[in-house]
Amino acid sequence: MDHELIKAEVLERFLRYVRVGTTSDRKSDLTPSTAGQWELARMLEQELRALGLTDVELDDHCYLIARLPASSGMEKAPVIGLMAHVDTAADVSGHEVQPQIIEHYDGKPIAVGSYTLDPREYPQLTEYVGDTIVTTDGTTLLGGDDKAGIAEIMTAVRWLTDHPEVPHGELEIIFTPDEETGRGMDRFPKEKLRSRACYTFDGGAEGRIEAECFNAWRCDIAFTGSVIHLGDARGKLVNAVSMAAAFMNMIPRTESPEATDGYYGYYCPLEIRGNLEHAELEVYLRDHDRSEIERRIEALSAFARAVEAAFPGGSVEVSQHKQYLNMYEVIQRDPQVMEKLRDAMTAAGYTPQMHAIRGGTDGSRLTEMGIPTPNLSAGEFNMHSRLEWVPVGALARITEVAVKLVLAWAE
Ligand SMILES: [Zn+2]
C-alpha cells in the first residue's frame with residue numbers, strides 16, 4: 001500500500017466528515033437523537049454506493065449497513081464487519097468545526113485559538129514531529145471520535161474496491177448513530193448482520209486493542225420529602241434536597257472517576273435536581289468486575305436506608321438500569337477474533353498493546369448481542385475537547401490495519 005496516497009485520502013475524508021456537525025443528545029429518546037447525524041450518514045451512504053458496495057441501506061433510525069461481496073472463490077470465508085459511529089460527544093460544541101492543519105510538525109507548542117497545545121503538557125505530540133497534525137481552532141471539538149474511525153474504514157474500503165485482485169471474504173460496513181449517548185445500539189437491526197466478528201475503530205492512541213470494557217449500570221435515586229410552610233416547619237418538614245445531599249456525602253470519593261484508573265471502578269454522581277418535596281440523583285456505576293457493580297448497588301441501597309433513618313418520614317428509592325457489559329467474556333470464547341486482529345496489527349508494523357477501556361463502545365453492546373466486537377484505537381488524542389488533535393500518519397497506519405484485518409480473515 002502506498003502510505004502517502006493513503007495519507008492524502010484519509011486526511012481528505014477526515015476533513016470532510018468533521019465539518020458535518022453531528023453532536024448527539026443524551027436527553028433525547030429518539031434515534032438518531034439529533035438531525036445532524038443524518039447528513040453524515042447520507043453522505044457516507046452515497047459514497048459507499050459510488051464505491052460499488054451492494055445492499056447499502058440506511059434505515060429509519062440512521063443505522064447504515066453496506067456489504068462488500070467476497071472475491072470470487074472466497075464466498076466461504078468468514079464475514080467480518082468494520083464499524084464506527086457518526087455522532088460526536090456533547091461535552092464541547094461540534095458545530096462549524098474549522099480544522100487547522102499543521103504540516104511537517106516541528107515539535108513546538110501549537111496555538112489552538114486562545115489555547116495552546118504544548119508538548120510539555122501533551123508529550124505524545126513529540127512522537128509525531130514531521131507528521132501532519134490536525135487540531136481545532138479552539139472553538140469546538142474536532143470530532144476525531146469517531147470520524148477518524150469512519151475515514152479509516154472508508155479509505156480501506158476504497159482501497160479494497162480498487163484492488164479486485166486481492167482476495168477477501170464478505171465485508172460488512174456498519175455506521176451507527178448516538179454512540180456517545182450510550183443508547184446508540186438500542187434500535188440496532190442486528191438481524192441484518194451476517195458477521196462472525198466485528199471490529200470497532202474508535203478512540204485513543206494508535207496501537208491499542210481493547211477487548212475489555214467496563215460493566216456499566218445507571219442508578220436513579222428518588223428522594224421524597226414532606227412539605228409544609230417553612231414558618232411551621234420545625235419537626236415537620238422533611239427536605240428532599242437535604243436528603244439528596246446527605247446521600248451524596250455517603251458516596252465514597254475514593255471510588256470516583258477522578259480518584260481511580262486502571263482496573264479500579266467507580267461511582268459517579270452524574271446529575272442532581274429537585275426541590276423540597278422531591279429530588280433525584282443519577283449515579284453511574286462502572287467496573288470491569290461485575291461483582292463490584294453488585295457490591296456498589298448494595299451499598300447505594302444501604303445509603304438509602306441510612307438516609308431514611310436520618311430523615312424520618314422521608315423515603316428513598318433506588319432503581320438500577322444495566323447499560324452495557326464487559327465484552328471480555330464473549331470475546332475470549334472465540335480466540336480467532338483477537339488472533340486475526342493481532343496478526344493484522346503486526347503486519348502493519350505495530351506491537352499491539354492490550355488496553356482495558358474505562359468505558360464502553362457500541363462494540364460492547366454488539367458483543368452482548370452475540371457478535372464478538374473488540375475495539376482498536378482510531379489514532380487520536382484529547383477526545384471530546386477543544387484541544388483534540390489527530391496525527392494523519394496514525395490515520396493512514398490504522399487504515400492499513402483495517403485492510404490487513406480483512407485479508408487476515410481470508411487466509
Ligand atoms: Zn467514540
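We count ligands from 1, going down the list as the structure has it; atoms in each ligand are counted the same way. The figures that follow rest on heavy atoms only: side chains count, while hydrogens, waters and symmetry mates do not.
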Checking salt bridge (charged side-chain N to carboxylate O under 4.0 Å, His left out) between E47 and each of R42, R16, R158, which is the one that passes? R16
Aromatic Y284 / basic R286 pairing, under 6.0 angstrom, 45° off normal: yes
Within 45° cone of Y267 ring axis and under 6.0 Å: R296 NZ or CZ: yes
When you check the gap from the basic side-chain N to the acidic O, do D55 and K192 get nearer than 4.0 Å? no
Shell of protein N/O/S atoms around the Zn ion (ligand 1), taken as anything under 2.8 Å: H85 NE2, D145 OD1, D202 OD1, D202 OD2
Hey, does the side chain of R218 reach the backbone of S319 with a donor-acceptor pair shorter than 3.5 angstrom? no
Return yes if a side-chain donor-acceptor contact under 3.5 Å exists between T116 and D118, otherwise no. no
